[in-house]
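Okay, so here's the structure we're looking at.
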Protein chains: 2
Amino acid sequence: MSRKNSLFQKLVNQLLEDIDKKYQVGDILPSDVALAELFGVSRTTVRKAIEYLEEQEVVLKSDSGKVLLSMPKKEHFFDVSKLSKPKEKIVEEYFLGLIQSGALKSGDKFSELELARQSESSTVVVREFLIRFSRFGLIEKNPRSQWQMKKFDENFIDQLHELRYLFEMNSLSHFMSLPDSSDYWGQLNELFIDHKNLMPRMHDDYESFPKLDERFHFLLQEARPNPFISEFYTVISFIYHYHYQWERNKERERNTVAVKEHIDIMACMLMKDYQGATIALAKHLDTAKNMLKNTALL
Amino acid sequence: MSRKNSLFQKLVNQLLEDIDKKYQVGDILPSDVALAELFGVSRTTVRKAIEYLEEQEVVLKSDSGKVLLSMPKKEHFFDVSKLSKPKEKIVEEYFLGLIQSGALKSGDKFSELELARQSESSTVVVREFLIRFSRFGLIEKNPRSQWQMKKFDENFIDQLHELRYLFEMNSLSHFMSLPDSSDYWGQLNELFIDHKNLMPRMHDDYESFPKLDERFHFLLQEARPNPFISEFYTVISFIYHYHYQWERNKERERNTVAVKEHIDIMACMLMKDYQGATIALAKHLDTAKNMLKNTALL
DNA sequence: GTAGGGTTTTTAATATATAAAAAACAACAT
DNA sequence: ATGTTGTTTTTTATATATTAAAAACCCTAC
């Protein structure tokens, strides 16, 4: 099989919707190039779609341009709902599922072919996904042999933590040197208040913490974005999510501690107490590391 | 075409050599498994090789095992010299060549198919290489469109430098906290002496500096290895090498400065002057950054 | 019951084929 | 000269096929 013409089908639908919204019978549609630009596809695809609309007698090409013959009807739309997602996505979901469900554990080997069969795609797609995913350092492979889940041991966690520590401290230092006039201070303050508000409700509402967590660590980075660092964060959060899913029961406890620690850090930051913030952040990261160790290492 | 049987051919040669060295006519060769182990291949491959040796009447299988019939002769060996390297290697060399030669410049687009044709391999191999290479952040690609060389601008260099700074400072700090008894201090001292020796010869022998450079930065890291960080170094050195090739003329000047800076850093380190080392290292990294900017940005 | 060899099944490396989509080219008309 | 459309070529996404190599399975003899 080759690729599916999903782009084409989606475009037709978008086009029909757009027509329905903006034009009336007799109007002239924009040029190919304009449409291609508008929908972010190539002109080739636009032309295919228009051609289809001609067949459906919605559009007629005349000397003056593409004339709208009749308004779109339901039957002109494609049923795009069960168009499969891009294969890459499917494989990704399937594979991450395997990890998350614990079917693939630290040290396990697995085969491309098997994955391809189970995710109903081809070995090429699988392999390309795995190569891409391997940058996260969770899987690896030697020539002529199978892929293998990296051993997730204490050493690995320490190395991960070392980087995280470096990066977050770096972000903190840059944040602290922002001028008072910077908008980020305002955002930090808001976040601080949100934390304060959540705290007393923590016992029942502990599940809304992760959002705050993300906002916090993201805000720190955002002030001085660096794509190398951001990418690393994807790994971090993936790993944490992966490992914490097991121990849902301890989640409330974990989050409660974390909220407090966040508050400590932000309090220092807002008071421009760089040293205090450093200490608080170090403590927070350390707690995180130890919790991860307790959870992930049996 | 499918893959070449180069592993098999290489194994036969290794086997013949091994036989020539260790055995005499009438001896019994080790078991399949032992041989597979010894040469790091699967038993399947060993058996194929032995089978071949039987055809060549070098080995005879009898009840007691694989008996050596006659000593290997020249004609039993395969001419392994022009077995093509793994395709991946070929593509890599070709592609890096394009970059190094300046045929691909910052911002350029290029196609997989074209690369495949020119490097005489298939699109699959090319694409897999590119995906792997893309982790270095020098190329990128959007779905359904071509690969593109990332824009190599001031911003990119700054971000690179930011990480480098973090990592090297981190390494330094760990190095400085090594106990006096650690072997690394000895190595550092040696390296220091080598630098001192090179210095007066710099004018003529400036080309031998890169080795020292590598040793220096590697030594710093080695004391506390972290695969995430090591990988990043591959990028760094690639980028530097790539950009410096143009300006060979200024190389002597650059290296002379760098030698001195290295010496400053190491002198401080050996005197356990952490702060001094920090300052010297910061200066060194800064020089490197600026030189890179001067060279790489027109 | 385990070490060795023989046999069969799977898998990885690599090539090639095909449809969809993009890009390049060409021809006009204004 | 520039913007529009029609046509052709190239490229990507994806599947499948083929062979080398690995892994799994089975048998036999000590």
Do the side-chain N or O atoms of B:R144 get closer than 4.0 angstrom to the phosphate oxygens (OP1, OP2) of C:dA21?
-> no
Out of C:dA21, D:dT14, D:dT5, which nucleotide sits closest to the side chain of A:S31?
-> D:dT5
Go through A:F78 and A:F8 one step at a time and tell me if the ring-ring contact (aromatic ring centres under 6.0 Å, His included) criterion holds.
-> CA-CA 10 Å; A:F78 282 99; A:F8 161 74; 5.8 Å; yes
Ignoring backbone atoms, test whether B:S42 places a side-chain nitrogen or oxygen under 4.0 Å from the OP1 or OP2 oxygen of D:dA22.
-> yes
Using a 4.5 Å cut-off on heavy atoms from C-beta on, say whether the side chain of A:L7 contacts that of B:R144.
-> yes
Reckon B:K4 has a side-chain N or O less than 4.0 Å from the OP1 or OP2 of D:dA21?
-> no
Does a salt bridge link A:R132 with A:E88, judged by any charged N lying under 4.0 Å from a carboxylate O?
-> yes
Distance, rounded to the nearest Å, where A:Y52 contributes OH and C:dA20 contributes C1' = 17 Å
Using only heavy-atom distances, decide whether a donor-acceptor pair under 3.5 angstrom links the side-chain of A:R3 to the base of D:dT12.
-> yes
Taking the six-membered ring for Trp, are B:W147 and B:F110 parallel (under 30°), tilted (30 to 60°) or perpendicular (over 60°)?
-> parallel
A:L7 atom CG is separated from C:dA23 atom P, nearest whole Å, by 12 Å
What nucleic acid atoms does A:S122 come within less than 4.0 Å of, heavy atoms only: base, sugar-phosphate, or nothing?
-> base
Pair of N/O donor and acceptor under 3.5 Å linking D:dA23 base with B:T44 side chain | yes
What is the distance from CG of B:N5 to P of D:dA22, rounded to the nearest Å?
-> 12 Å
Write down the distance between CZ (B:R43) and P (C:dT10), rounded to a whole number of angstrom.
-> 18 Å
Compare the minimum distances between each of D:dT5, C:dT11, D:dT12 and the side chain of A:E114, then state the nucleotide with the smallest one.
-> C:dT11
Whole angstrom value for the distance that separates P of C:dT16 from CD of B:E112 = 16 Å
From the list D:dA15, C:dT16, C:dA15, which nucleotide is the closest neighbour of the side chain of A:K87?
-> D:dA15
